[in-house]
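Here the structure is laid out as structure tokens; the discussion comes afterwards.
In the text below, chain A, chain B and the rest are named by the order of the sequence lines, each starting its count at 1.
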Number of protein chains: 2
Amino acid sequence: MESDRRRRPTLDTVAAAVGVSRATVSNAYNRPDQLSSSLRERILETARSLGYAGPDPVARSLATRSSAAVGFMLPQGLSGAFSDPALSIVLDGLASTVDGHDHSLVLMPGDATGGPRPSIVSRAQADVMVAYSLPDLAPALDAVAARGLPLVVIDQPVLPDSARVEVQDYTGASAAAAHLLGLGHLRFGVLTFALHPDGVSGPVSHERRSAVPFRVSRDRLGGYLDTLEKGGVKPDNVPVWEARGSDRELGRLGARWLMTRTPRPSALLCTSDQLAFGALQAARDLTLTVPGDISVVGFDDVPEAAYSDPPLTTVRQPLADKGRRAGELALELLAGGRPPRPTRLDVSLVERASTAPRT
Amino acid sequence: MESDRRRRPTLDTVAAAVGVSRATVSNAYNRPDQLSSSLRERILETARSLGYAGPDPVARSLATRSSAAVGFMLPQGLSGAFSDPALSIVLDGLASTVDGHDHSLVLMPGDATGGPRPSIVSRAQADVMVAYSLPDLAPALDAVAARGLPLVVIDQPVLPDSARVEVQDYTGASAAAAHLLGLGHLRFGVLTFALHPDGVSGPVSHERRSAVPFRVSRDRLGGYLDTLEKGGVKPDNVPVWEARGSDRELGRLGARWLMTRTPRPSALLCTSDQLAFGALQAARDLTLTVPGDISVVGFDDVPEAAYSDPPLTTVRQPLADKGRRAGELALELLAGGRPPRPTRLDVSLVERASTAPRT
DNA sequence: CAGCATGACTGAAGCGCTTCAGGAGCGCTA
DNA sequence: TAGCGCTCCTGAAGCGCTTCAGTCATGCTG
């Protein structure tokens, strides 16, 4: 079994078998124009019959100083992460971009600290890292810096020397709040995903609202609350529930709490569509009608938002573009480019049937 | 900028700075017991001040002939893949297992062929591959074989020399069908995810039902149809809709078609919970009640199945275990073990409120 | 004090590949 | 036929690390 692994053919094996130099065999794979096509054919044929599957990726990476992979760092474990389709869409955009350039994707799931363990990051074979929604000051980010790897940041910490793609979270949230205000609502509730990476769900105390390490949460919550305040609604009178993740079930739980406050809010602002879907479910549980008894708005505009019952009023952000852009940036940095100015993608309010004037 | 990358310190840099041999510096990182702790401290300290972030992962991989990564091959692109929480759960189980052993996860999304492109597989830096639900004969599998990498297969092709973890799909499907038969149903419809990797959705013709390359689809569909036949229901009289993926929206589409056949089926068998949720939605769209007008059963028992409206009768499979087991197998193969006998996980029917006797 | 473990460190041989400065051969031109 | 520019191929120097067989003091035993 030792010999199993040891006996694998290498470039030299093939070179010897064909009777050419190792460089020539290498060229057969990487620079077809450097040798006659007949020789190339002969080399490839011999390689095949020897069971040689092409240049070893690791050795090639060492020699070229490039591992042709982009690392993707997540704030959470995978199951939590993918319960929100927003991430899948972003990741798909990213994956198809880098895949098209023959790069692969190394996933680094996070743990309780709100990011991957630094040791994972130090050992990851990737030559550019993408940070997705990590909290400010995540240790993983130090590990990236220590390795001197180029970094592209989606949606989160503002770091020197990193490429960024983000979305007008504050503006979008603000528009959603203004929409509700415009409909005459006076009593609100806010349902947000994690403000802190500690895995806590529950009503949000005053101090927990400040110093929020997740920028996205901070901006959306801020956009909601500031706008309400400008509209004459005291933030202190707005109950806020923090769900530790962004999925329906957690949303349902939080919404139930919000919908049973006295007096009951007539409008709910949610920081994601998933949470909003949970809220729709909670309303059904409580036999409240949406938007009759209570208006609900989401954030993201995932495809399903158009089909929910009722269809969701939400803030659209271009998720696939976000991923694609991140992929492009990663590739650019890899090519030696300096981080360009941050890409800021637009958001827009999509009015559907889950909001209505206060009755 | 050239120099930026070139100037990165290496083991030698640190060795020279401290005045020891390179081997000693290497030992400082990998075998603390091989040197005095005071020297080790000094080395680490110097490394830090030099901006050396630890041994280069690629070089280390080459020297150790191990890249400490497991490759994960998917049948589809990422966005489609993750719209079904079942995959997230499996992947999370896998990720936490391998992560615990300091291995990382390389994702290889598939394309229209039903698996990752072979070139991606040939170049992936992983020393064991796991195939998730790939179709039989996927080209990616040849690429794995060509490289001589150990392989663990989840849910799909039966390959010589691979470790396997699978689920009693046929048995589970059969139990679901028997349950419905026992409730007195006579007219059925089947809603399945992809039978073929060609991205086609629609009613399933007779020939398309045979030679199904996805084993899971084959077994579940077979389990449904065979059991119905034994119960006296001709498979040819059972309309089958194939959705190209496993998400709600596709399920809703297919279910709408199935629910508008004449005569209308009184029971729907779905190959996944996501499709079943779509069916629940379709019923609402058509103002049919579940289970009053039509019974619906799913497959997987994802967490949400317990909370849907109505809660879903479904076939439970241990998703997280599946992922964990795959991770363990991968690690075992890496350690040089031979593929053990296939792990077959049990399924069981969970009766909830989406099925009822025929009225 | 000879003999011998033991602990601490080193030299050098790889790991499998890419790349670049040439060299050899060959058909053209002037 | 000298000279030139091609095309096709090679030699050798790395890429940054691990590992294993030693070497060299040092302290301990009998």
Side-chain angles (χ1 to χ4, degrees), chain A residues 2-3 5-43 46-47 50-68 122-125 127 147-149, chain B residues 2-3 5-43 46-47 50-68 122-125 127 147-149:
Chain A
E2 274 291 334
S3 46
R5 294 193 146 265
R6 283 286 43 67
R7 214 178 287 299
R8 302 241 86 215
T10 74
L11 265 196
D12 283 309
T13 321
V14 177
V18 180
V20 296
S21 80
R22 185 198 332 174
T24 301
V25 181
S26 172
N27 283 335
Y29 284 95
N30 303 312
R31 311 191 164 183
D33 56 308
Q34 294 296 296
L35 34 55
S36 65
S37 60
S38 64
L39 176 56
R40 179 172 133 94
E41 221 9 276
R42 199 148 55 86
I43 289 175
T46 309
L50 253 38
Y52 179 73
D56 178 275
V58 175
R60 161 200 287 252
S61 288
L62 181 59
T64 58
R65 296 180 226 41
S66 135
S67 47
S122 323
R123 307 165 101 100
Q125 293 180 24
D127 24 43
R147 284 184 60 179
L149 290 179
Chain B
E2 274 291 333
S3 47
R5 292 192 146 263
R6 282 285 45 67
R7 214 179 287 300
R8 301 241 87 215
T10 74
L11 265 195
D12 284 308
T13 321
V14 178
V18 180
V20 296
S21 81
R22 183 199 334 171
T24 300
V25 180
S26 172
N27 284 335
Y29 284 95
N30 303 312
R31 311 192 163 183
D33 57 309
Q34 294 295 297
L35 35 53
S36 65
S37 59
S38 65
L39 176 56
R40 178 173 134 92
E41 220 13 274
R42 198 148 55 87
I43 290 174
T46 309
L50 252 39
Y52 179 72
D56 178 274
V58 174
R60 164 200 286 252
S61 288
L62 180 59
T64 59
R65 295 181 225 42
S66 135
S67 47
S122 318
R123 306 165 102 100
Q125 294 182 25
D127 24 44
R147 283 184 61 180
L149 290 178

Q: Kindly indicate, with the supporting measurements, whether the criterion side chain to side chain donor-acceptor pair (under 3.5 Å) is fulfilled by A:Gln125 and A:Ser61.
A: CA-CA 9 Å; A:Gln125 293 180 24; A:Ser61 288; 5.9 Å; no

**Q.** Considering all heavy atoms, the nearest B:Arg60-A:Arg123 contact
**A.** NH1-NH2, 3.1 Å

Q: Evaluate the side-chain proximity of A:Asp56 to A:Thr10: yes if any heavy-atom separation is below 4.5 Å, no if none is.
A: no

Q: Pick base, sugar-phosphate or nothing for A:Thr64, based on heavy-atom distances below 4.0 Å to the nucleic acid.
A: sugar-phosphate

Q. Nearest-Å distance, CG (A:Asp56) to C1' (C:dC15)?
A. 9 Å

Q: Using a 4.0 Å heavy-atom cut-off across all strands, classify A:Leu35 as base, sugar-phosphate, or nothing.
A: sugar-phosphate

**Q.** Shortest side-chain distance from A:Ala23, nucleotide among C:dA13, D:dT19, C:dC20
**A.** C:dC20

Q | First encountered from the 5' end of DNA chain C, between B:Ser37 and A:Asn30 | A | B:Ser37

Q: Remember a base hit wins even if backbone is also touched, and classify A:Ser36 as base, sugar-phosphate or nothing at under 4.0 Å, heavy atoms.
A: sugar-phosphate

Q. Would one find a side-chain N or O of B:Thr24 under 4.0 angstrom from OP1 or OP2 of C:dT10?
A. yes

Q) Would you say D:dC17 has OP1 or OP2 under 4.0 Å from some side-chain N or O of B:Tyr52? A) yes

Q: Tell me whether the OP1 or OP2 atom of C:dC15 has a side-chain N or O from B:Arg65 closer than 4.0 Å.
A: no

Q.
Can you tell me if A:Ser21 touches the phosphate of D:dT10, counting only side-chain N or O atoms and a distance under 4.0 Å to OP1 or OP2?
A. yes

(Q) Can you measure A:Leu11 atom CG to C:dT19 atom C1' for me and round it to whole angstrom units? (A) 13 Å

Q) CG of A:Leu62 versus P of D:dC17: gap in Å, rounded? A) 9 Å

Q. Given C:dT18, C:dT10, C:dT19, which nucleotide is nearest the side-chain atoms of A:Arg31?
A. C:dT19

Q. Closest heavy-atom contact between A:Ala68 and A:Asp127?
A. N-OD2, 3.3 Å

**Q.** Nucleotide nearest B:Ala63 when distance is taken to its side chain, options D:dG11, C:dG11, C:dC15
**A.** C:dC15

Q: Name the closest nucleotide to the A:Pro55 side chain, picking from C:dT18, D:dC17, D:dT10.
A: C:dT18

Q) With a non-hydrogen cut-off below 4.0 angstrom, is A:Val58 in contact with a base, only sugar-phosphate, or nothing? A) nothing

